[in-house]
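Comments concern the structure below.
Letters A, B, ... are given to chains in the order of the sequence lines, protein chains preceding strands, and every chain is numbered from 1.
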Amino acid sequence: MTNASEPNDGALLSVRNLEKQFPTSSGTVRALSDVSFDVRRGCILGIVGESGSGKTTAGRCILRLIEPSGGEAIFDGVDLFKLSEKELRAYRRRLQIIFQDPYSSLNPRMRVGDIIGEAIDTHRLARGAAREERIAQLLGRVGLRPEHARRYPHEFSGGQRQRIGIARALAVEPELIIADEPVSALDVSVQAQVLNLMQELQQQLGLTMVFISHDLSVVEYLCDDIVVLYLGRIMEMGPAQEVYANPRHPYTQVLLSAVPVADPRAKRDRIILKGDIPSPLNPPSGCVFRTRCPYAVQACAEIVPPREDVSRDHSVACIRQAELAGQREFENQENLL
Amino acid sequence: MAVTSSPAIAGRPGLVSLVFQRKSLLIGLVVLGAITVFAVLAPLIAPYAPNRLSVVNRLQPPSGRWWFGTDEFGRDIFSRTIYAGQLSLLVGAAATLLAAAIGITLGLVAGFFRKADGIVARIIDAMMAFPDILLAISLVAALGPSLATVIVALGIVYAPRLARIVRASTLIIRELPYIEAARALGVPTWRIMLRHVLRNLVSPILVQATFIFAYAMLAEASLSFLGVGVSPEVPTWGTMIAAGRQYVGSADWMTLFPGIAIVLAVLSLQLVGDGLRDLLDPRLRKDL
Amino acid sequence: MLRTLRYVGAAVAALTFGSMQPAEAQQRGGAATVATIGEPNTLDPMVSAGDLLGMITQHFYETLYTFDKNWELTPLLAEKLPEVSADGKVYTIPLRQGVTFHNSQPMTAKDVVASLKRWTDLASRGKLVAGNIQAIEAIDDNTVRLTLKEPFAALTALLAFNNSAAVVMPADHMENPIKEVIGTGPYRLKERKADQYIQLVRFDGYKPREGEPNGFGGARKQYLDEIRFVPVPDANTRVEGALAGQFDYADLLPVEAYDRLRGQSKTEPLMLESFGWAMFIMNNKQGMMTKLDLRKAVQAALNAEDMLAAAFGKPEFYSVDGAMYPKSYVWRTEVGTEAYNQGDADKAAALAKKAGYDGSPIRILTSRQYEFHYKMAQVAAEYLKAAGFKVDLQVVDWATLVQRRAEPAVWDIFITHSPFLPEPALIAPLPDTYPGWWASETKNKLLTAFNTEMDQKKRIAIWADIQKLIYEEVPFYKVGDFNALTAKSPRLQGFTASPWPYFWNASLKQ
Amino acid sequence: MVITASSGVGTGAALALPPHVQLKVEDLQTYFIQGASTVKSVDGVSFSLSRGQTLAVVGESGSGKSVTSLTIMRLLAHPGRIVGGRVLYRLRGGDVVDLAQLPEKRMRAIRGREIAMIFQEPMTSLNPLFTVGDQIMEMILLHESVSRDEARVRAKRMLELVEIPAPERRLDQYPHEMSGGMRQRVMIALALSCNPSLLIADEPTTALDVTIQAQILDLLRRLQKEIGMSILFITHNLGVVAEIAHEVVVMYAGRVVEQGLVLNVFERPRHPYTRGLLACIPDVRRDRTEGGGRRLLNAIPGNVPSALDLPTGCAFAPRCPLVVDRCRELPPLIPVSEDHLSRCWRYDDL
Amino acid sequence: MTRYVIRRFLGMIAVMFTVVTIVFVIVRVAPGDPAAVMLGPDATAADIATLREKLGLDRPLILQYLYFLGQLLRGDLGQSIFLNMPVLSALAERAEPTFFLTLFSILIASAIALPVGILAAYKRGSLFDQVATTLAMLAASIPSFWLGLIFIQVFAVRFSWFPVSGYGGPDASFIVRLSHLILPATTLGIVSSALITRFTRASMLDVLNDDYVRTARSKGMGEFQVVMKHAFKNALIPVLTVIGLTAALLVSGAVVTETVFSLPGVGNLVVSAVLRRDYPVIQGALLVIAALYVLINFVIDMLYLVVDPRVRY
């Protein structure tokens with residue numbers, strides 16, 4: 001994780017100054033502004049944020065499923081955003097995506113074998129018996145049985161469907177997988193199975209992964225690095241452990257404190273935010289979080305806070321972060337006393 | 001209200017039993033099948049040649065000899081009704097196929113390519129602004145009346161309906177994750193259109209095509225009735241009613257039987273269409 | 001568009017006028033609704049020879065002469081019958097005085113001269129005499145003189161016809177198309193709503209001739225306040241409207257409706273016997289029908305009785321008669337009619353073989369405007385098929401038929417019909433110029449003799465030869481005679497059935 | 001517990017509840033019967049909710065938790081129907097009625113006034129064609145004989161109560177002009193506008209972002225403290241249960257598998273399903289090694305069973321790590337300690 | 001809101017323009033020379049050439065098209081060949097019966113369809129629902145001209161309750177003219193009620209499952225109020241669209257029905273024009289009717305502003 005504007009050597013993917021605007025009937029939505037981060041090879045980067053934060057858009061832009069409005073995404077030394085449609089097709093093999101909705105992400109009219117097979121066919125990875133074998137192998141890898149290839153998606157439960165989606169992504173042996181809320185539509189008891197599968201695969205195959213989620217505990221558990229988005233801007237990013245242990249941005253703090261913990265005795269020093277997320281059509285000036293920030297001051301409305309490094313690989317976009325950190329330090333000491 | 005929130009209904013009953021569960025679909029299929037069989041086998045079934053004149057026997061009421069009576073030329077209305085079924089069904093089917101060919105192509109193109117969409121969607125909208133019969137009449141007037149032009153005109157008239165449905169569905173499907181997944185895999189656009197989009201449109205297209213079939217048959221009858229359709233000596237149910245119009249009140253059977261034939265054919269098609277919609281639309285099936 | 005074929009409107013002699021005299025005194029007032037077979041495309045009786053147009057316009061436009069109940073010439077706007085010079089070239093026509101147009105202007109000789117000139121320019125029948133006219137001039141305000149280059153016996157009859165009619169219009173309203181309908185008739189146009197109605201109201205400035213009504217002539221009484229012509233193109237709707245009492249008179253109904261109309265309280269059928277005859281005209285100029293044997297083959301193949309039965313239903317509505325005139329006419333003869341109504345497929349096939357018939361289809365042109373044409377065509381097609389012919393039945397609208405029949409290359413047979421004309425020389429397919437183009441030396445010789453011969457008995461003899469020739473050369477095929485059915489309300493009194501029904505003299509019982 | 005006079009329509013005379021109990025559900029059975037297929041969505045559910053307390057019903061999809069809440073409100077959609085059991089409810093006046101037996105007309109008087117409900121989807125639960133004010137006033141006017149002006153004043157006060165800024169202006173706004181969190185507040189204001197004794201909250205925060213969820217939970221807690229209504233809280237989120245509820249009922253495949261005080265159940269779950277649920281939520285303290293390495297989560301194997309195709313005996317048996325032969329036989333709800341029940345033969349092994 | 005209105009308005013103009021182009025294409029597709037058709041069989045080649053020049057038929061298609069557009073912009077729909085009057089006046093003369101026929105048909109159709117559709121949806125699966133659904137389908141299967149013929153036989157001829165045909169005489173009072181409309185309007189109304197019934201039912205079914213309906217019930221509201229106030233008002237929005245568009249499309253039904261009942265309306269005019277080869281009238285009628293449809297569509301869009309606050313926003 002780095003804030004350098006140059007691509008990081010250890011990064012498989014470096015996103016720089018990603019911008020995305022959507023024209024809508026009632027104006028332009030700034031879905032992403034100046035988003036830069038690195039995804040380290042073999043690591044899992046978590047992108048967290050609430051609805052409207054742009055986390056899903058970011059994932060789609062990297063894969064060019066949505067055309068970005070600006071910036072670059074250097075994947076293994078090549079800017080994906082500059083590739084022609086044809087060149088991109090070859091790169092598609094190396095980057096894959098897993099979707100949130102296990103229902104709409106599988107074509108209901110195709111057999112599971114064909115869904116996975118399509119990936120194999122498109123990149124001419126295997127034919128005939130080899131192809132079938134490969135499908136069986138992939139199904140086995142995600143915990144399904146070979147005979148499932150003949151069935152249609154609707155014959156499976158949500159968790160099983162998500163496994164099929166993972167098998168499809170794995171079929172082309174990608175290096176990077178973008179997982180867009182892969183477990184949030186699943187029942188709690190099934191979520192853990194899929195999370196386990198994903199991290200097993202990640203470890204076994206040495207995959208690099210971008211994990212997009214609104215579930216902070218899942219991200220904390222799964223990810224090595226974390227990017228916190230709010231209204232299309234990065235609020236804070238850094239190694240997951242550090243950010244969770246020592247959140248420096250007021251928004252990160254709020255977010256973490258808002259997560260309900262399944263422990264009735266847990267201490268809840270919750271910061272309740274006022275108001276709602278502003279409309280991305282008309283985002284606040286300066287710091288986009290200032291309208292809800294308990295620590296906002298006049299200056300927050302005037303300048304877009306720059307990213308400041310607070311430690312190695314940990315950066316925060318808050319003009320008051322140092323000041324607030326000092327205060328907290330003081331309070332903590334007081335508490336200790 | 002999602003009552004049984006279990007997403008996967010275990011086991012899928014076979015198609016046949018699904019059909020049998022839907023009485024109306026079954027009735028529709030049986031009636032439609034019977035009409036088709038009668039029409040196709042008309043040469044075997046018809047007691048008389050459809051054009052055989054027998055002037056001495058003109059305008060005979062239905063009897064054991066002429067089940068549906070005879071027309072003003074003494075032709076057997078029963079024989080003519082089943083022969084007319086051939087052409088009425090042919091016009092309906094051919095117009096539907098043509099409408100489907102045009103409509104699906106336009107709809108897919110419009111739904112898939114944003115640039116083409118502006119123009120195609122506008123043309124679809126504009127075509128929909130013409131009442132079907134009126135547009136058909138005008139087209140037939142422009143092309144000259146004949147069996148072929150009626151088919152072409154009706155094909156053109158109903159194409160926008162399919163195009164609109166295909167376009168709307170394509171616009172929705174295009175945004176679905178499984179399309180994104182295919183794009184992420186690098187599947188070429190044309191294959192996405194055929195494999196992912198069109199294949200998922202089979203049900204709505206089939207359902208709509210059934211209705212268009214029904215409408216096209218009604219429209220053909222209307223055109224023939226107005227005297228701007230198929231030429232009057234060609235027996236279709238429409239031309240038979242048109243010919244019988246002069247004898248309403250004196251030889252009602254001339255209009256009655258072809259009229260019943262139309263109603264039955266159109267009704268059975270609608271039953272089938274409705275039944276298919278029930279059967280194929282998973283949203284409705286879930287509620288059942 | 002609905003131009004009919006009753007060419008020269010002359011007399012349907014078999015029709016009897018005045019058979020229905022009112023039982024009680026006629027009442028003034030009321031509006032009569034007349035269902036017509038369609039909408040005329042103009043209200044100018046000069047520009048079209050349509051019967052429908054004539055039937056409507058005769059109520060507001062008048063001619064100099066007309067016909068009485070015996071189909072004799074009788075003056076209308078003229079004071080009396082014309083004085084014809086000894087050489088038969090100069091007609092002096094005295095005009096009635098005190099006649100005013102609907103715009104209150106008096107009618108003068110100037111108007112008549114202008115109208116006649118317009119007629120010779122525009123009207124198809126006017127054009128017939130146009131070339132023969134030396135001069136049309138007003139001698140004084142009330143006298144018009146018409147000078148011919150050659151004598152022409154039919155002139156007065158032409159002046160008397162009510163379609164393609166020599167009507168009198170104001171001299172300052174001569175535009176074509178007419179802008180304003182201004183005539184001299186007993187009724188004037190109040191409003192025309194195309195496809196809805198043509199509303200006529202009593203013209204209060206009308207001065208009827210003295211005396212009693214006599215056919216189209218004599219006094220014209222204005223009992224009705226209004227006459228409304230309602231276009232009802234669908235024949236069955238006319239029947240139903242009549243049954244429901246919606247129409248006081250319904251023109252030209254399908255004969256099948258006769259039984260439905262009988263014994264009804266709101267309407268009663270009127271039968272016009274021997275209304276006309278139907279014919280299949282063969283193309284004598286181009287194509288396969290130029291072969292006499294093939295024409296004879298068609299003649300042999302056809303069964304007129306079945307064709308008539310299919311077209312007109314019950315035998316009381318038609319007669320299977322090969323003669324060119326029905327029994328009541330002096331021209332009646334049965335010479336040659338053994339070739340009529342054969343329906344002999346074998347003979348036809350043999351003749352076709354002899355003619356070297358190559359199996360190409362006979363193109364029969366017909367229209368559904370006249371349902372009976374179409375029905376006859378269908379029956380004919382079956383008989384021709386039975387004789388081994390191929391048939392291409394081309395069903396078009398009447399306007400198209402009229403257009404196409406002028407093209408010798410595109411048809412072999414077309415179907416039409418005609419009323420019985422008092423003068424056989426006027427029968428449509430006799431001249432060379434009529435589509436069909438029957439031009440044989442024998443025919444020309446006979447026809448010239450017939451036209452120049454003044455002795456009636458000799459003419460009858462020549463006519464028999466012509467009829468014989470028609471059966472020998474088969475320029476056309478006569479299918480048979482038919483009656484016409486109309487219906488009137490019992491309320492309508494003083495009405496006289498006629499091919500061009502008129503509603504002056506008629507009244508409504510209230 | 002045993003009530004003898006349960007003849008037909010329950011009235012206060014025949015029915016009784018312990019004084020602190022607001023709602024008592026007894027052996028409730030709600031089936032969806034269509035043709036030959038019967039879905040036992042709620043199959044013998046019993047629990048009771050004390051006045052001023054919050055009871056959470058927790059479960060996954062198909063567990064029957066939402067159907068339970070709709071059954072209590074008698075808002076079941078066709079073809080669902082109550083085939084057995086009682087829903088005893090204490091009216092404001094103190095009378096106890098069996099909601100399962102109550103005629104529809106009387107039930108209508110209870111809905112909204114005695115028992116109010118809020119739903120999962122704040123975006124769709126309000127009628128888009130009426131102003132927020134109209135919708136709240138409609139509720140007040142329906143149950144109380146007040147004038148429109150009074151109703152409007154009350155509605156405004158309700159909006160203030162749920163901390164909606166500029167309530168006067170908001171009254172005249174339409175739902176689509178508000179965010180999801182705001183709409184859920186409106187729903188709460190609407191639900192509480194007739195001072196109900198029981199609020200049924202059916203997954204009220206599921207569709208909301210965490211920061212908004214925190215606001216709503218906070219609001220509900222505060223309102224309960226102020227107004228004192230009982231809350232029946234339906235959720236699938238154990239974290240939310242831990243935050244808001246006093247007691248919890250864990251449902252699985254239409255049946256209650258465990259119930260008790262939140263503290264007890266969370267601290268020592270006595271049913272393998274509950275234990276599994278608690279264990280499979282990622283928790284870094286547990287699931288990560290000292291060095292930051294990840295351990296696999298304690299996943300529950302298998303899938304949530306289909307309601308059409310339930311195993312006989314314990315429905316959880318096919319996924320249960322502790323399964324024994326006896327599990328083919330349906331265990332009853334066994335009291336494992338005071339105020340703590342478990343439907344597991346092996347509750348003691350946990 | 002202004003933006004919505006402007007967008008819809010521009011959309012309407014664009015569709016209108018496309019409609020005009022389509023009509024131009026259709027009429028140009030017509031084989032044969034319009035000039036020759038207009039002048040009839042007796043015309044000389046010189047006459048035809050003169051008329052071609054006058055009509056601009058000798059010019060390149062694109063110029064003809066521009067000329068056609070120019071004419072339209074001046075509100076000139078051309079001259080009827082048969083009727084010798086401007087097409088616009090011919091259409092205007094026939095507007096009244098068509099307008100009232102459409103209006104009454106829609107009223108009759110709605111009067112049947114709305115209650116039946118609502119009740120069928122509410123009692124989904126019941127006997128009533130099945131009967132209503134089947135009847136609606138039956139109504140949609142009956143050719144309108146056939147039903148019209150039957151109605152004429154029964155109600156006009158046999159019972160003489162209503163006039164057989166036409167639109168009354170020149171002095172016919174409004175009431176009399178209305179009496180001419182009852183049978184045709186009923187015919188059309190029954191046939192078009194099918195679509196509206198089915199649509200109302202479907203749309204009610206959608207709405208009845210909506211969360212806010214459940215909310216209304218949870219308030220303790222009576223079923224009638226729930227259905228009519230909360231459900232129906234929402235279902236009405238799409239139903240309104242269908243009613244409006246059905247009204248526009250009824251002109252199509254009117255083509256047949258007006259012919260059967262000899263009503264002197266626009267539909268009848270079109271059929272006559274086709275038979276009379278009166279191309280300017282066909283063209284004009286197509287344009288006006290399509291424009292009407294587009295306009296009704298626009299009006300419905302504007303109605304949304306009133307009915308649906310979401311659009312206003």
If one checks every heavy atom of A221(B) against chain E at 4.5 Å, the contacting part turns out to be both
Look at N297(E), T133(E), V294(E), V260(E) and state which one has the largest set of heavy-atom pairs under 4.5 Å with chain B. V260(E)
Heavy-atom proximity to chain B below 4.5 Å, by part of R198(E): side chain
Exactly one of L286(E), I289(E), L287(E) should register a side chain to side chain contact (heavy atoms under 4.5 Å, CB included) with F130(B). Which one does? L286(E)
Turns out that what part of L269(B) lies under 4.5 Å from chain E's heavy atoms comes down to neither
Of all heavy-atom pairs between I123(B) and I22(E), which one has the smallest distance, and what is that distance? O-CD1, 4.3 Å
Chain E contacts, top residue of S222(B), A129(B), A121(B) (heavy-atom pairs, under 4.5 Å): A129(B)
So, do T18(E) and D125(B) sit near enough that their side-chain heavy atoms are less than 4.5 Å apart? no
To the nearest 0.5 Å, what is the distance between CG (L226(B)) and OG (S272(E))? 10.0 Å
Need one label for I119(B): side chain, backbone, both or neither, based on atoms under 4.5 Å from any heavy atom in chain E. neither
Which atoms of M127(B) come close to chain E, meaning under 4.5 Å heavy atom to heavy atom: side chain ones, backbone ones, both, or neither? both
Whatever's closer than 4.5 Å to a heavy atom in chain B on V15(E) counts as both
Heavy-atom distances under 4.5 Å only: say whether V213(E) touches chain B with side chain, backbone, both or neither. neither
Evaluate whether atom CZ of F151(E) has more than 12 neighbouring non-hydrogen atoms of other residues, nucleotides or ligands under 6.0 angstrom away. yes
Greater than 12 external heavy atoms within 6.0 Å of F9(E)'s CZ: no
How close do Q153(E) and G249(B) get, counting heavy atoms only, and between which atoms? OE1-CA, 3.7 Å
Name the region of V228(B), side chain, backbone, both or neither, that has any atom closer than 4.5 Å to a heavy atom of chain E. side chain
Between I150(E) and V248(B), does a side chain to side chain contact (heavy atoms under 4.5 Å, CB included) hold up when you go through it step by step? CA-CA 9 Å; I150(E) 293 173; V248(B) 173; over 6 Å; no
Which distance, rounded to the nearest 0.5 Å, do you find between the OG1 of T134(E) and the CG of L271(B)? 7.0 Å
Between atom CZ of F17(E) and atom CZ of R122(B), what is the distance when rounded to the nearest 0.5 Å? 10.5 Å
Chain E contact via I156(B) - side chain, backbone, both or neither, heavy atoms under 4.5 Å: neither
Chain B contact via V270(E) - which portion, at a heavy-atom distance below 4.5 Å: side chain
Which one, A285(E), G267(E), A140(E), leads in non-hydrogen pairs under 4.5 Å with chain B? A140(E)
Heavy-atom closest pair (S141(E) atom, L218(B) atom, distance to 0.1 Å) is O-CD2, 3.7 Å
Which pair of non-hydrogen atoms, one from D274(B) and one from M137(E), has the smallest distance, and what is that distance? OD2-CE, 3.3 Å
Looking only at heavy atoms, which two atoms of L256(B) and W146(E) are closest? And how far apart? O-CZ2, 3.5 Å
Please say whether more than 12 non-hydrogen atoms of neighbouring residues, nucleotides or ligands are located less than 6.0 Å from CZ in R164(B). no
Taking every heavy atom of S138(B) against every heavy atom of I282(E), the minimum-distance pair comes out as OG-CG2, 3.7 Å
Distance check, rounded to the nearest 0.5 Å: R245(B) atom CZ versus T259(E) atom OG1? 7.5 Å
